Structures are given as structure tokens and as C-alpha cells.
Amino acid sequence: MSNIFIPLIRVKKPPNVEALRLYRDILRACRKFTWANEQGEPWGEVIKKSTRAEFEAARNETDPVLIARSLVVGRDCLMQLEEKIAATERKMFEHIQNTRRR
């Protein structure tokens with residue numbers, strides 16, 4: 001009996017389109033954070049690094065339920081963040097409008 005060597009071929013799985021979309025949406029939202037934290041680092045950069053770390057940690061996850069749950073939670077957090085940003089922008093605009101009229 002001879003030994004036959006069969007090379008293992010790693011098939012790269014296609015990226016999860018929804019995860020990629022969420023990641024890009026989070027990066028777009030980071031652009032709105034222009035102020036710095038207590039250490040002087042821009043919040044947008046802090047959020048980008050944190051997002052990258054979270055997505056890298058989940059890169060090899062295979063459980064479809066866990067993946068779906070993570071995507072739902074991530075999307076929900078992003079929506080809440082965008083709503084808070086929009087509310088703050090409205091308040092700032094109203095404040096500017098009210099102070100101009102005086």
C-alpha cells in the first residue's frame with residue numbers, strides 16, 4: 001500500500017454581505033465623531049478600532065444563530081447611535097436658530 005499525498009485546499013468562504021454592510025455603515029457613522037476623548041484621541045478613531053477588533057474576533061464564527069444575533073445587535077446599536085446623533089444635531093440647529101433671533 002503506497003502513501004498518497006492529497007494536498008488540502010483551503011476554500012475561502014465568501015464574506016457575509018450583511019456583516020460587511022454593517023461594518024461599512026459603522027465606519028461611515030464614525031466620521032460624525034470629530035471630538036476627542038480624555039486622552040486626546042478622536043472618538044471616531046476609538047470606535048473604528050473597537051469595531052475592527054469586534055469584527056476580527058467574530059471572523060471565524062460558524063454558528064449561524066450567533067452570527068445572526070450579532071448582526072441584529074450591531075445594527076440596533078448603530079440605529080440608536082444614529083438617532084442620538086440626529087437628535088443632538090437638531091438640538092444644536094434649534095439652539096443656533098434661537099440665539100440668532102435675539
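Treat the numbers as computed from the prediction; the structure is a model and nothing was measured.
Under the salt bridge (Lys or Arg N to Asp or Glu O under 4.0 Å) criterion, Glu94 pairs with no residue at all, not counting sequence neighbours. With sequence neighbours excluded, the residues forming a salt bridge (Lys or Arg N to Asp or Glu O under 4.0 Å) with Arg21 are Glu18, listed by chain and number. Remark: Asp76 pairs with Gln80 by the side-chain hydrogen bond (donor to acceptor under 3.5 Å, both in side chains) rule, at least two apart or across chains. Residues forming a side chain to side chain contact (heavy atoms under 4.5 Å, CB included) with Arg24 (at least two apart in sequence, or on another chain): Leu20, Arg28. Every residue meeting the salt bridge (Lys or Arg N to Asp or Glu O under 4.0 Å) condition with Lys48, not counting sequence neighbours, appears here in chain and number order: Glu45.
We find the CG-OG1 distance between Asp25 and Thr51 to be 11.5 Å, quoted to the nearest 0.5 Å. Remark: Leu81 CG to Ile26 CD1 distance equals 9.0 Å, nearest 0.5 Å. Atoms CG and CZ, from Leu71 and Arg75 in turn, are 8.5 Å apart once rounded to the nearest 0.5 Å. Distance OG1/Thr62 to CD1/Ile67: 6.5 Å, rounded to 0.5 Å. Between atom CG of residue Leu66 and atom CD of residue Glu61 there is a gap of 4.0 Å, rounded to the nearest 0.5 Å.
Val46 places none of its side-chain heavy atoms less than 4.5 Å from the side chain of Phe33.
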I'd like a table of donor-acceptor pairs (distance under 3.5 Å, sequence neighbours excluded) in which one partner is a side-chain atom from residues 37-44, with atom names and distances.
unit_1	atom_1	unit_2	atom_2	d
Asn37	OD1	Gln39	N	3.0
Asn37	OD1	Gly40	N	3.1
Asn37	OD1	Glu41	N	3.0
Asn37	ND2	Gln39	OE1	3.2
Glu41	OE2	Lys49	NZ	2.7

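Counting only residues at least two apart or on different chains, the ring-ring contact (aromatic ring centres under 6.0 Å, His included) pairs with a member in residues 51-71 are Tyr23-Phe55. Applying the ring-ring contact (aromatic ring centres under 6.0 Å, His included) definition to pairs two or more places apart or across chains, none involves residues 70-97. Evaluation of the salt bridge (Lys or Arg N to Asp or Glu O under 4.0 Å) test over residues 80-93, restricted to residues two or more places apart or in two chains, returns none.
Grouping the Ile, Leu, Val, Met, Phe, Trp and Tyr side chains by contacts below 4.5 angstrom, directly or via other members, places Leu27 with Leu78.
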